[in-house]
There are 2 protein chains.
Amino acid sequence: MKLITRNTDYAIRALIYICGRKNKITSVSELVAKTKIPRPFLRKLLQILNKKGILRSSKGQKGGFMLAAEPQEIFLTDLIRIFQGSLKLNECLFKKEPCVKKSICPLNKVIRDIEEDVLKKLKAINVASLAFKFRKLGIN
Amino acid sequence: MKLITRNTDYAIRALIYICGRKNKITSVSELVAKTKIPRPFLRKLLQILNKKGILRSSKGQKGGFMLAAEPQEIFLTDLIRIFQGSLKLNECLFKKEPCVKKSICPLNKVIRDIEEDVLKKLKAINVASLAFKFRKLGIN
DNA sequence: GACAAATGATACTAAAGCAGTATCATATAT
DNA sequence: ATATATGATACTGCTTTAGTATCATTTGTC
Ligand code: FES
Ligand code: FES
């Protein structure tokens, strides 16, 4: 099933760490040291997050990243959308005649209902709440 | 996200059709005509379902497939397991030091909770109930 | 028995997505 | 100037998905 891929997972963990450093710029080197994420891969992810407006970057020596948005406004669904593309349903397969309209197809409906429920739950999870839980356990 | 892949989707639709033919043997030719699923692909899927004990096959002229199990006992989760492998969680990525035990890791937990919920819901869906809904709409 | 019509078993292929690397350009604190 | 950052981009290898292609075997019908 795999709700989240490596991309997303790495991104969340990086964001949680950055969140914990509140307002201080965090470099890739520091993140690599703490999270053991492969450096070039992490760099790519952070650049994407920067472009998407979730991180803000500063170049040059002493450069790095900090959050560009409030951590309670960065949701798991955002990251999934960014790194795993749109969460789209399966296409109908009865291509012609026997195809009911998707909206009433029973199979489509049960899957859609479950996916919508998942979405709702993922939307309830944000970087701030995760960071809080991690800190309570003394990690980060 | 994609809860179910093409394999699974085709398989369900084929099973629904076969279910509607209650006790009569159904050939691939008939299924292809009705569902428009690519013939060689469908053949492969049905052979797998046969091996897994969900269908029973008979060879030779007039051969084909029929259900080997009660349709209310064939669950969506079974098909997903067969065609999409075990529904497994993400591995931890903090490979060494900062890794909490998986069982208490907050990130793992939220994902695991959602996945378990999905599983429970998928387990509630079976071929019989789907076939019934389809028939009510006059399909199949 | 010959033949047609079915499945069984296998092996192969093409495309997409996932995970990660490598390189060079650019900015900036010291 | 230079060391230390990120920006941009292109490339590689692996796995999964979605099929196709072939040949062997079984069986009903004439
Ligand atoms: S039959 Fe077309 S969407 Fe279900
Ligand atoms: S930190 Fe290891 S499982 Fe979450």
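Chain A is the first sequence line, chain B the second, and so forth, proteins listed ahead of strands; every chain is numbered from 1.
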Of B/Lys59 and A/Pro40, the one whose closest DNA chain C nucleotide lies more 5': B/Lys59

Nearest-Å distance for atom pair CD/P, residues B/Gln61 and D/dG28: 9 Å

Rounded distance in Å - CZ (B/Phe83) to C1' (D/dG19): 14 Å

Check: A/Arg21/A/Thr26 side-chain N/O donor and acceptor closer than 3.5 Å: yes

Nearest to side-chain heavy atoms of B/Ser27, which nucleotide of D/dT6, D/dA18, C/dA6: C/dA6

Under 3.5 Å, which protein N or O atoms sit close to an N or O of nucleotides 9-14 of chain C? Give each pair with its distance.
from, atom 1, to, atom 2, distance (Å)
C/dA9, N7, B/Gln47, OE1, 3.2

Along DNA chain C (nearest heavy atom to each residue), the more 5'-positioned of B/Gly60 and A/Gly60: B/Gly60

Minimum-distance nucleotide to B/Pro38 side chain [options: D/dG19, C/dA19, D/dT29]: D/dG19

Rounded distance (Å) that lies between atom C1' of D/dT12 and atom CZ of A/Phe41: 14 Å

Any donor-acceptor N/O pair, B/Ser129 side chain to B/Ile125 backbone, under 3.5 Å: no

Length of the line joining B/Asn7:CG and D/dT16:C1', which is rounded to integer Å: 10 Å

Minimal non-hydrogen separation, A/Tyr17 against A/Glu30, with atom names: OH-OE2, 2.6 Å

D/dG19 phosphate, OP1 or OP2, under 4.0 Å from B/Arg6 side-chain N/O: yes

Spacing between B/Leu42 atom CG and C/dA6 atom C1', to the nearest angstrom: 14 Å

Between C1' of D/dT17 and CD1 of B/Ile80, the distance in whole Å: 15 Å

Shortest non-hydrogen separation from B/Ala68 to B/Arg56 and the atoms involved: CB-N, 3.7 Å

Rounded distance in Å - CD1 (A/Ile4) to C1' (C/dG17): 17 Å

Close side-chain approach of A/Arg81 and A/Asp78, heavy atoms under 4.5 Å: yes

Non-hydrogen atoms of A/Leu45 and A/Ala11 that approach each other most closely: CD1-N, 4.3 Å

Phosphate OP1/OP2 of D/dA18 contacted by B/Tyr10 side-chain N/O (<4.0 Å): no

Option among B/Asn7, B/Thr77, B/Ile54 that satisfies the side-chain contact (heavy atoms from CB on, under 4.5 Å) test with B/Ile82: B/Ile54

Touch class at under 4.0 angstrom, heavy-atom based, for A/Gly63 against every strand present: sugar-phosphate

Whole-Å gap separating C1' (D/dT20) and CG (B/Leu45): 13 Å

Residue-phosphate contact under 4.0 Å: B/Ser57 side-chain N/O, C/dA6 OP1/OP2: no

